[in-house]
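Remarks on the structure that follows.
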Amino acid sequence: MQFTAGTYDVIVIGAGHAGVEAALAAARLGCRTLLATLSMDNIALMPCNPSVGGPAKGHLVREVDALGGEMDKTCIQFRMLNTGKGPAVHALRAQADKKLYQFTMKETCENTENLDVKQILITDLLLEDVPAGESASAAGGTAPKKRVRGVVVETGEVYLAPAIVMATGTYLKGRIIIGEHTYSGGPNGQRPAMKFSDSLTAAGIRLMRFKTGTPARVDARTLDYDKMQLQPGDDEARNFSFMSDITTREQVPCYLTYTNEATHKILRDNMDRAPMANGIIEGVGPRYCPSIETKILRFPDKDRHQLFLEPEGLHTNEVYVQGMSTSMPMDVQLAFLHTIPGLEHCHVMRAGYAIEYDCIDPTQLKPSLEFKAVRGFFSAGQANGTSGYEEAAAQGIIAGINAAQFVKGEAPVVLRRSDAYIGVLIDDLVTKGTHEPYRMMTSRAEYRLLLRQDNADMRLTPIGRRIGLVSDARWDRFLQKKAAIDDALKLLHEMTLTPSTAQNAALEEAGIAPIHSATTAYDLLKRTEVTYDSLRAALPDLPALAKEVRDQVEIQSRYEGYIKKQQEQVAHMEKLEAKHIPENINYNHVPSLRDEAREKLQNIRPESLGQASRISGVSPADVSVLMVWLEQQRRMK
């Protein structure tokens with residue numbers, strides 16, 4: 001029997017990375033929030049790799065933190081990647097203690113004001129009609145006719161709320177696949193959510209079927225690390241969070257090894273038993289994180305593939321075999337693992353497996369991550385067709401923010417492509433869609449010199465503060481840092497050096513080439529061989545700076561010309577972004593549009609000409625036609 005068990009402002013379905021960030025954001029913005037999880041013991045479960053960050057993904061983690069999120073927790077090793085390249089692609093990557101991460105996030109959720117956490121399985125979405133006066137729109141419009149009312153739990157409870165965030169991860173009709181053996185299930189032996197997909201379909205939401213996978217976990221006590229290459233963390237203490245003052249931490253090493261011809265022969269000989277080859281797997285898998293059997297087929301000429309042995313935590317012997325995701329039968333898994341240097345005698349603690357699951361076509365969402373067809377219904381994370389913890393958390397915090405904004409009757413927060421990697425991620429999903437699990441990469445960001453990981457706080461903390469998500473402590477720290485950067489840059493611009501024997505001697509002693517005409521300290525810092533510290537050695541009047549301030553001063557001076565060029569590109573594009581397209585436009589009334597463009601525009605319903613220009617199948621000529629028609633309509637009013 002159904003009964004009303006509670007009323008909330010926001011309900012978040014799922015407590016993975018997306019759900020946790022969504023629930024914390026909504027609760028901290030003053031909304032009474034319910035976080036529904038299938039297991040209280042698996043809040044913020046990391047079902048796949050024990051690492052966070054890396055190229056583009058590290059940018060997302062820092063952006064989540066800069067907005068006031070929580071993702072930076074319990075890291076046990078840090079490495080800065082791509083340091084041989086420019087700062088636009090520097091990427092922080094960390095190993096996380098999986099269980100400690102879960103316990104820490106569970107504690108955070110349970111002790112957050114306005115947030116209730118319940119172990120429940122939601123089976124149905126409750127909808128109601130939008131009152132006629134609110135749903136009316138011009139012909140061709142897409143104003144939603146339905147809005148969320150609440151959810152139904154398998155045990156009969158009904159929870160009501162005007163805003164709901166779906167963050168279901170890989171649990172919707174989840175199916176685990178290990179060779180010929182399949183069963184309904186979620187990651188790491190969890191329960192699947194078998195009924196909620198039907199509720200989504202009944203609401204008119206289009207679903208897709210995706211697949212992901214994970215490698216075996218092996219027992220550290222059975223590994224021969226002497227046959228592998230040590231991969232230590234950086235000596236310098238690093239943090240994702242701009243609020244962290246940690247300068248030392250217990251770090252654990254990873255190890256590198258490789259597959260070989262014996263490994264590949266076992267896989268080739270058993271390819272007829274691979275679920276991806278014999279039709280057992282139906283979902284679309286990730287292009288950028290393929291299984292080992294896919295690698296063997298895709299790269300037949302490659303004689304080895306690298307594998308990283310990553311510890312799953314400080315208090316477990318489980319080791320993750322990064323690079324060897326598989327759904328092969330168990331006997332095949334054991335056979336090929338034992339061909340790898342250092343793993344000849346390894347014991348498998350958890351088998352590798354594939355998981356198929358339902359997710360939505362993300363083009364059904366607005367840039368706010370609200371469904372176009374259902375008012376008050378938001379979606380985030382792998383439910384939107386993405387892969388990875390970082391992509392999930394990034395969507396989660398935006399969905400939670402906008403669910404709260406919806407409840408308050410305030411405008412949604414929409415990050416532009418020039419604001420954040422989060423903006424690139426969401427714009428790609430809602431504008432272009434995805435036909436495979438989407439992964440964030442630096443190459444997807446056209447303004448990546450502006451979207452560096454080091455300046456995520458400069459870009460996003462003011463936005464977090466404006467909506468009320470950034471605490472006083474974080475804001476005060478941000479203002480102090482910003483003032484220090486501004487003061488240092490001002491001083492460098494004002495400090496003029498004139499050539500003299502004494503001045504050049506001081507410069508040369510600091511390893512800086514002498515000057516032959518008057519120049520500023522700022523212009524000297526633009527030289528690639530000059531650092532702020534070397535400049536300070538020659539100019540003792542310069543003050544000492546904190547490292548985070550010093551880094552910003554060096555980057556802003558050295559890359560000033562390139563940064564200005566990208567800012568000009570952004571300004572040009574913002575003219576298109578500023579040209580709003582009415583929600584109720586009927587594209588059948590726009591003459592001279594090509595049929596493909598008309599169909600795509602009618603389906604995606606972009607909010608601006610800028611978004612329209614990024615839709616696959618909409619040409620620059622179509623955008624020009626639309627621009628002229630919109631201007632004509634404006635003049636006729």
Side-chain angles (χ1 to χ4, degrees), residues 10 17 20-33 35 43-44 52-53 58-75 78 92 94 96 100-101 103-115 117 236-249 390 393-394 396-398 400-405 408 410 413 415 419-420 422 452-488 543-553:
V10 176
H17 286 79
V20 164
E21 296 293 347
L24 289 173
R28 288 167 176 171
L29 290 174
C31 292
R32 187 159 182 259
T33 303
L35 177 59
I43 292 171
V52 175
H59 293 66
L60 290 173
V61 178
R62 292 208 121 197
E63 290 177 353
V64 168
D65 175 79
L67 282 168
E70 285 286 334
M71 196 176 184
D72 178 34
K73 296 283 186 183
T74 66
C75 294
F78 278 96
L92 190 58
L100 187 55
Y101 185 88
F103 296 151
T104 303
M105 294 300 274
K106 182 175 188 286
E107 181 182 23
T108 300
C109 290
E110 290 178 356
N111 290 284
T112 294
E113 189 177 357
N114 295 321
L115 181 57
V117 188
E236 179 183 348
R238 304 185 188 276
N239 303 288
F240 280 117
S241 178
F242 291 95
M243 292 294 288
S244 180
D245 291 315
I246 295 175
T247 56
T248 60
R249 65 174 75 241
E390 303 86 355
I397 194 170
I398 296 300
I401 288 169
N402 285 331
Q405 296 290 95
K408 296 177 181 180
E410 298 177 1
V413 172
L415 298 178
D419 290 330
I422 297 176
R452 307 182 311 275
Q453 62 166 13
D454 59 82
N455 70 350
D457 57 340
M458 296 292 115
R459 293 183 277 115
L460 298 179
T461 297
I463 295 174
R465 181 65 174 182
R466 173 173 58 81
I467 62 175
L469 196 54
V470 166
S471 66
D472 289 344
R474 180 181 289 270
W475 185 242
D476 289 344
R477 183 166 180 152
F478 168 81
L479 291 178
Q480 291 173 15
K481 177 181 174 181
K482 187 176 185 304
I485 294 169
D486 292 343
D487 289 346
L545 298 177
K547 184 181 184 305
E548 60 180 6
V549 175
R550 190 170 66 245
D551 289 346
Q552 287 300 302
V553 168

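Along the sequence shown, residues are numbered consecutively beginning with 1. Any value given below was found using the heavy atoms of this structure, including those in side chains, with hydrogens, waters and symmetry copies removed.
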All salt bridge (Lys or Arg N to Asp or Glu O under 4.0 Å) counterparts of Glu410, not counting sequence neighbours: none
Which residues share a side chain to side chain contact (heavy atoms under 4.5 Å, CB included) with Leu100, sequence neighbours left out: Thr74, Asp97, Thr104
Qualifying residues under side chain to side chain contact (heavy atoms under 4.5 Å, CB included), relative to Ala25, sequence neighbours excluded: Ile397, Ile401, Leu469
Side chain to side chain contact (heavy atoms under 4.5 Å, CB included) involving Ala22 - partner list, sequence neighbours excluded: Val12, Val165
Reported CZ-to-OG distance for the pair Arg477 and Ser471, which is rounded to 0.5 angstrom: 10.5 Å
Residues forming a side chain to side chain donor-acceptor pair (under 3.5 Å) with Asn114, sequence neighbours excluded: none
Side chain to side chain donor-acceptor pair (under 3.5 Å) partners for Gln480, two or more places apart: none
Closest heavy-atom pair and its distance - Val52, Ala96: CG2-CB, 4.3 Å
Any side-chain heavy-atom pair of Phe478 and Met458 under 4.5 Å: yes
Gap between atom SG of Cys109 and atom CG of Leu24 - 0.5 Å precision: 4.5 Å
Thr112 side chain to Leu115 backbone, donor-acceptor under 3.5 Å: no
Main-chain N/O of Ala544 paired with Arg550 side-chain donor or acceptor, under 3.5 Å: no
Min side-chain heavy-atom separation Val61-Phe240 under 4.5 Å: yes
Interatomic distance, Arg459 atom CZ to Leu415 atom CG [nearest 0.5 angstrom]: 9.5 Å
Heavy-atom pair with the smallest gap, counting every atom of Val64 and Ala394: CG2-CA, 3.7 Å
Criterion side-chain hydrogen bond (donor to acceptor under 3.5 Å, both in side chains) on Gln552 and Asn455, from CA distance to verdict: CA-CA 8 Å; Gln552 287 300 302; Asn455 70 350; 5.3 Å; no
By ring pair (Phe, Tyr, Trp, His ring centres under 6.0 Å) - contacts of His17 (at least two apart): Tyr101, Tyr389
Partners passing side chain to side chain contact (heavy atoms under 4.5 Å, CB included) against Arg238 (at least two apart in sequence or in another chain): Phe78, Met80, Leu92, Asp234, Glu236
Note: Arg28-Glu70 ion pair, threshold 4.0 Å (strictly below): yes
Point-to-point distance, once rounded to the nearest 0.5 Å, from CD of Glu63 to CD1 of Ile463: 10.0 Å
Side chain proximity check, Asp472 to Arg465, heavy atoms < 4.5 angstrom: yes
Side-chain donor/acceptor of Ser244 to backbone N/O of Phe242, under 3.5 Å: no
Partner set under side chain to side chain donor-acceptor pair (under 3.5 Å) for Asp476, not counting sequence neighbours: none
Within 6.0 angstrom of Glu110 CD, more than 12 heavy atoms from elsewhere: yes
Side-chain donor-acceptor pairs under 3.5 Å in residues 481-488, sequence neighbours left out?
unit_1, atom_1, unit_2, atom_2, d
Lys481, NZ, Asp457, OD2, 2.8
Lys482, NZ, Asp486, OD2, 3.1

Side-chain heavy-atom pair Leu67, Ile398 within 4.5 angstrom cut-off: yes
Considering all heavy atoms, the nearest Ala404-Ala26 contact: CB-CA, 4.2 Å
Smallest separation among heavy atoms of Met105 and Ala44, with atom names: CB-CB, 3.6 Å
Non-hydrogen side-chain atoms of Ile422 and Leu60 separated by less than 4.5 Å: yes
Donor-acceptor contact present, side-chain Thr461 to main-chain Ala66, <3.5 Å: yes
Side chain to side chain donor-acceptor pair (under 3.5 Å) involving Glu390 - partner list, sequence neighbours excluded: Lys57
Spacing of CD belonging to Gln405 relative to CG belonging to Leu29, to within rounding of 0.5 Å: 6.5 Å
